[in-house]
Amino acid sequence: MLKELEYPFDSEFILKKSKSLKRQLLSDGSRRIKKNIAVLGGSTTHDVIRILELFLLNQGIEPSFYESEYGQYWEDAVFGNEALNAFRPDIVYVHTSNRNISAWPSVTDTPEMMEELLEHQYEHFRSMWEKIRENWSCPIIQNNMEYPFYRLLGNQDCVNPGGRTLFVNRLNEKFAAYARENSNFYINDINYQSAVYGLDEWADTFYWHMYKYALCLKAVPWLTHNIANIIKSIYGKNKKSLVLDLDNTLWGGIVGDDGVENLEIGPETSMGQVYAEFQGYVKSLKDIGVMLNVNSKNEEENALAGLNHPDGVVNPDDFIIIKANWEPKSENMLAIAHELNILPDSLVFADDNPAEREIVRENAQGAAVPEIGTPEQYIRVLDHNGYFEVTQLSEDDRKRNEMYKANALRTKQQASFTDYGEYLTSLGMRAVIRPFEALYMARIAQLTNKSNQFNLTTRRYSQAEIELLAHKKEYVTLYGKLEDKFGDNGVVSVIIGHEEEGPVKALHIDLWLMSCRVLKRDMEFAMMDCLVGECKKRGITTVYGYYYPTSKNGMVKEFYGLQGFEQISSTEGNTVWRFEIAKDYENKNKYIKIMENE
């Protein structure tokens, strides 16, 4: 990732150097997923697209864009056109602002008149969203409205039925309600973004009247950074873990030198309050599924003493892995990733020491290392970078820290067994394996976009696409949940395949993936057994599996061979495997009980 495109960034530099930044990104050798993004604008959008491309490339997404004509956002969405239909967008981003409100209330309007105007304006947008869903069945990103740049009624503008501020608040509430009630619809909160940036500068009228820009040019990187965060979250590019230094990061002072009693943390000093507030922010990240870990140059005893400070907000139980030693922090980062069974580029490292940050940035294989600034800025920098942007929040997300802690207990128990089969039996594993169900659509879509290592084809699906496939008769879909005596792992495996009619009825597996937290637990064999059972019900006798190599999925290169498939072709590493289902097929899973009902 380019440091220049992480917050805090220099907007003028990005705008001026966009071409060279793009060349630098495209020449770094990264493999990126390709997505078609339609930008439907109620104002000029050329520079929005130009800078959005940079932030998406930086997040591992290579976009192609469709750009509507100026002000034609509603017409393109509702009526379509040949170019847009042929483009087949993966995402539609509607770039509108309060400049696109067609009728504002008047100070002489009654509450009833304001309600009528509000409903009319909302219906203008709602009908457009419904048409986009009908035409392209893809995720929609919609700007809400920023506040007006003047208040005719002063502070009463947010109270009086004729106030524009109140009108924007009410319209934004209706937008938010639609987002809550409809999956695959996401708000890009320019109301918040313009407030953080500074509304007077954001809404500089010079740019509207001269260029028909809904915001000032310097704010475009800030806007597009936020849009890119939503898109990368939709496609599973979020980070998974925050790794924290301790001394002068989680508290003020050096615990080994100053002693626990002299650390700055808690209500007694202003700086102690700053660190306590940061610890509170860190702890709250667990609630959205962020895994917390420690990477500190310290004696473990001292680190634990600091984490048990009576005025601290976090404690050792909030962390999955605590690396407190004198090893290079870059090596600790790689070790943490290995122990969590995730890739280093899923980690974010927060450390007050610029030298340590640079060492980790250069040697920790893609881990994000923000310039976190002074303690008062820690929260702002982590938050504004959007590493953990929430688009879907599943129950599995909320329980992720507990799941990984349970994995540590499993590893500890495994060490007490000399026979691995006996260890698997001791876990008392139970699985639910079924066709896709509405309850788990968000988690299934999330897995298809987040899983990189145990993923045979690395195909990505939005939730809208997952929901569509689940209702197509020619598709076989399976999800797998796994639990044992240590806890519930949630949905951990997904299979998608499509039938092919012919002399021999066949199934082609488009996607087979599994969460790395259940590796070597027999779940892949349980999924195979259920897949064979589903194929038998449909009269399918031949199954084709595909492996497409990436820089991250080498671990499953021979997966189909282990399942009993025969390799029938190989081109530049892309392999095709075939499996003939025997009438007397014997289950391969030995250690997991398949549950009929949850």
Sidechain-backbone polar pair: [X] side chain, [Y] backbone, donor-acceptor under 3.5 Å:
X	Y	answer
Asn81	Ala83	yes
Ser194	Glu146	no
Asn452	Lys450	yes
Asn143	Ser97	no
Ser493	Leu513	yes
Asp90	Asn36	yes
Asn144	Asn172	no
Gln279	Val314	yes
Asn229	Glu389	no

### Message
Apply side chain to side chain contact (heavy atoms under 4.5 Å, CB included) to residues Ser11 and Phe9 and explain how you reach the verdict.
### Response
CA-CA 6 Å; Ser11 291; Phe9 44 73; 3.8 Å; yes
Working to the nearest 0.5 Å, report the span between [atom1] of [X] and [atom2] of [Y].
X	Y	atom1	atom2	value
Met128	Thr96	CE	OG1	6.0 Å
Asn58	Arg32	CG	CZ	8.0 Å
Arg133	Ser183	CZ	OG	5.5 Å
Tyr93	Ile231	OH	CD1	9.0 Å
Glu130	Asn182	CD	CG	6.0 Å
Leu40	His95	CG	NE2	11.5 Å

### Query
Do Tyr70 and Thr45 pass the side chain to side chain contact (heavy atoms under 4.5 Å, CB included) test, and can you show the C-alpha distance, the side-chain angles, and the key distance before you say yes or no?
CA-CA 8 Å; Tyr70 165 74; Thr45 55; over 6 Å; no
## Note on the structure
So salt bridge (Lys or Arg N to Asp or Glu O under 4.0 Å) across residues 33-55, not counting sequence neighbours, yields Lys22-Glu53, Asp47-Arg50
Any side-chain heavy atom of [X] sitting closer than 4.5 Å to one from [Y]?
X	Y	answer
Ser127	Trp74	yes
Val168	Pro148	yes
Ser18	Ile51	yes
Trp222	His384	yes
Trp512	Thr457	no
Tyr440	Lys481	yes
Tyr207	Thr44	no
Thr448	Arg459	no

### Message
Taking the six-membered ring of Trp129 as reference, does the cationic atom of Lys131 (NZ for Lys, CZ for Arg) lie under 6.0 Å from its centre and within 45° of its axis?
### Response
no
Do [X] and [Y] get their side chains close enough for a donor-acceptor pair, meaning under 3.5 Å?
X	Y	value
Thr550	Asn553	yes
Gln446	Arg443	yes
Tyr147	Asn169	yes
Asn238	Lys232	yes
Asn100	Tyr73	no
Ser68	Asp76	no

Provide the closest heavy-atom pair for [X] versus [Y] in the form atom of the first, atom of the second, distance.
X	Y	answer
Leu54	Leu25	O-CD1, 3.6 Å
Leu84	Ala38	CD1-CB, 3.9 Å
Ser43	Ala214	OG-CB, 3.5 Å
Gly480	Ile433	CA-CG1, 4.1 Å

### Message
Quick one, Tyr378 with Leu244, criterion side chain to side chain contact (heavy atoms under 4.5 Å, CB included). Give me CA distance, side-chain angles, the key distance, then yes/no.
### Response
CA-CA 11 Å; Tyr378 291 173; Leu244 292 141; over 6 Å; no
### Query
Do Asp10 and Glu4 pass the side chain to side chain contact (heavy atoms under 4.5 Å, CB included) test, and can you show the C-alpha distance, the side-chain angles, and the key distance before you say yes or no?
CA-CA 7 Å; Asp10 184 337; Glu4 293 86 348; over 6 Å; no
### Task
Please state whether the rings of His508 and Tyr546 are parallel, tilted or perpendicular, taking 30° and 60° as the class boundaries.
parallel
### Task
Could you check whether the rings of Phe185 and Tyr178 sit parallel, tilted or perpendicular, using 30° and 60° as the cut-offs?
perpendicular
Salt-bridge criterion met for [X] and [Y] (N-O under 4.0 Å):
X	Y	value
Arg170	Glu115	yes
Glu6	Lys3	no
Lys552	Asp345	yes
Glu119	Lys174	yes

## Note on the structure
Per side-chain contact (heavy atoms from CB on, under 4.5 Å), Val492 is matched among Ser451, Cys516, Ser515 by Ser515
